[in-house]
There are 2 protein chains.
Amino acid sequence: MATPSTAPEVMFSLLGAAHALEDRIEQQLGQVGLSMSKLGVLTQLVEAGEPLALSELAARLSCVRSNMTQLVDRLEADGLVRRVDDPADRRSVLAAVTRLGEERQVAGAHELAKVREEFTAALPVADRVALARALAALGKG
Amino acid sequence: MATPSTAPEVMFSLLGAAHALEDRIEQQLGQVGLSMSKLGVLTQLVEAGEPLALSELAARLSCVRSNMTQLVDRLEADGLVRRVDDPADRRSVLAAVTRLGEERQVAGAHELAKVREEFTAALPVADRVALARALAALGKG
DNA sequence: CCGTTATTGTTCATATATGAATAGTCCCGC
DNA sequence: GCGGGACTATTCATATATGAACAATAACGG
């Protein structure tokens, strides 16, 4: 017989594991004065290699625009990003990463890589493959 | 050769899947005027069968006490919970579930069960077992 | 062209969460 | 007994997130 009683438990295990992982990432990023949200914005800007509209950032990071307004407010207060007028569209406001922002992004990515290594180390290869497959199945469903 | 490039991806897949699942749960609970947090408190109170101190609730739900203060504020405003003095300890404040709160807890648990069924249906048995094993490995690490 | 529609960022209200600071209360060692 | 340390809930500041309402601007159809 299978283990029917594990079904509900697994869902909560998934939520719990993700929560713990998030806490771990936030803690690690906190060491360089970043959060997952802030690093996400900086990384998008660095990868794009040019200023992006707040609207575009919100779309890429899957959040609403009002959230990006506040996030960029805080990043600007931190000196990691600058608001720039969009010459092509007067409605639009672009976020440009600063020199300090670029440096911080590198530092943040490094901290994130550490957590990724921890994660990988804690998970035997067979389990990692199985986890990937299971999550893929969930994503399709 | 293994698939080294999947390692980082899996970590983010896990976060993404958990995020999507949480959104789904919140959406479903929203139909009966609840959130995960609120349902968590109500369920603890119903299962305990007696009023619990806010401190105890915070411990059981793994959050800080100031969060519980606010959560119980909102639950009280919703009429789902009542603050009661603890006769045995004047520092303590107990949360007592109301009749309406009990009814709502049942409704919320029902909505949650629906999501659990969806979850189970989206995940082939083999994947569910593999997922459980992988999450267990993560928890131990 | 010009009016309708869509888009953009911001503001506000709200929900959830943390952590520091505070006031009240309890309890233990002496 | 009582004084100091531990525990209680609350308040405040802050971070993150959503969604509604709004003003400015763009874009498009006729």
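First the proteins, then the strands, lettered A, B, ... as listed; each starts at 1.
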Would you mind checking if [Y] and [X] are paired as a salt bridge, meaning a charged N to carboxylate O distance below 4.0 Å?
| X | Y | value |
| --- | --- | --- |
| B:D78 | B:R104 | no |
| A:R83 | A:D73 | yes |
| B:E118 | B:R24 | yes |

[N] OP1/OP2 closer than 4.0 Å to side-chain N/O of [X]:
| X | N | result |
| --- | --- | --- |
| B:S92 | D:dA9 | yes |
| B:N67 | C:dT16 | no |
| A:S35 | D:dA15 | no |

| At under 4.0 Å between heavy atoms, what does A:S66 touch on the DNA or RNA strands: base, sugar-phosphate, or nothing? |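 Base: the residue A:S66, judged by heavy atoms under 4.0 Å, touches a nucleobase.
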| request: Could you tell me whether A:T69 contacts a base, only the sugar-phosphate backbone, or nothing, with contacts defined as non-hydrogen atoms closer than 4.0 Å? | output: base
Measure from [atom1] on [X] to [atom2] on [N] and round the result to the nearest Å.
| X | N | atom1 | atom2 | result |
| --- | --- | --- | --- | --- |
| A:M68 | C:dT7 | CE | P | 19 Å |
| B:D78 | C:dA15 | CG | P | 8 Å |
| B:L75 | D:dA9 | CG | C1' | 16 Å |
| A:E26 | D:dA17 | CD | P | 8 Å |
| A:L57 | C:dT10 | CG | P | 11 Å |
| B:D73 | C:dT16 | CG | P | 12 Å |
| B:L61 | C:dT18 | CG | C1' | 16 Å |
| A:L71 | C:dG9 | CG | C1' | 14 Å |

| Audit row: B:E56, B:R60, salt bridge (Lys or Arg N to Asp or Glu O under 4.0 Å) steps and yes/no | CA-CA 6 Å; B:E56 178 61 27; B:R60 294 193 189 196; 2.7 Å; yes
| task | Ignoring hydrogens and angles, answer whether the base of D:dA9 and the side-chain atoms of B:R91 contain a donor-acceptor pair closer than 3.5 Å. | result |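 A donor-acceptor contact between them is absent.
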| Side-chain heavy atoms under 4.5 angstrom apart, residues restricted to Ile, Leu, Val, Met, Phe, Trp, Tyr: same cluster for B:M36 and B:L45? |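 Both belong to a single hydrophobic cluster.
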| field | Closest-nucleotide 5' rank along DNA chain C - winner of A:D89 and A:H19 | value |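 So the residue in question is A:D89.
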| Mapping A:V64 and A:R90 onto DNA chain D by nearest heavy atom, which one lands closer to the 5' end? | A:V64
| Side chain of A:R74: nearest nucleotide among D:dA15, C:dG9, C:dA15? | D:dA15
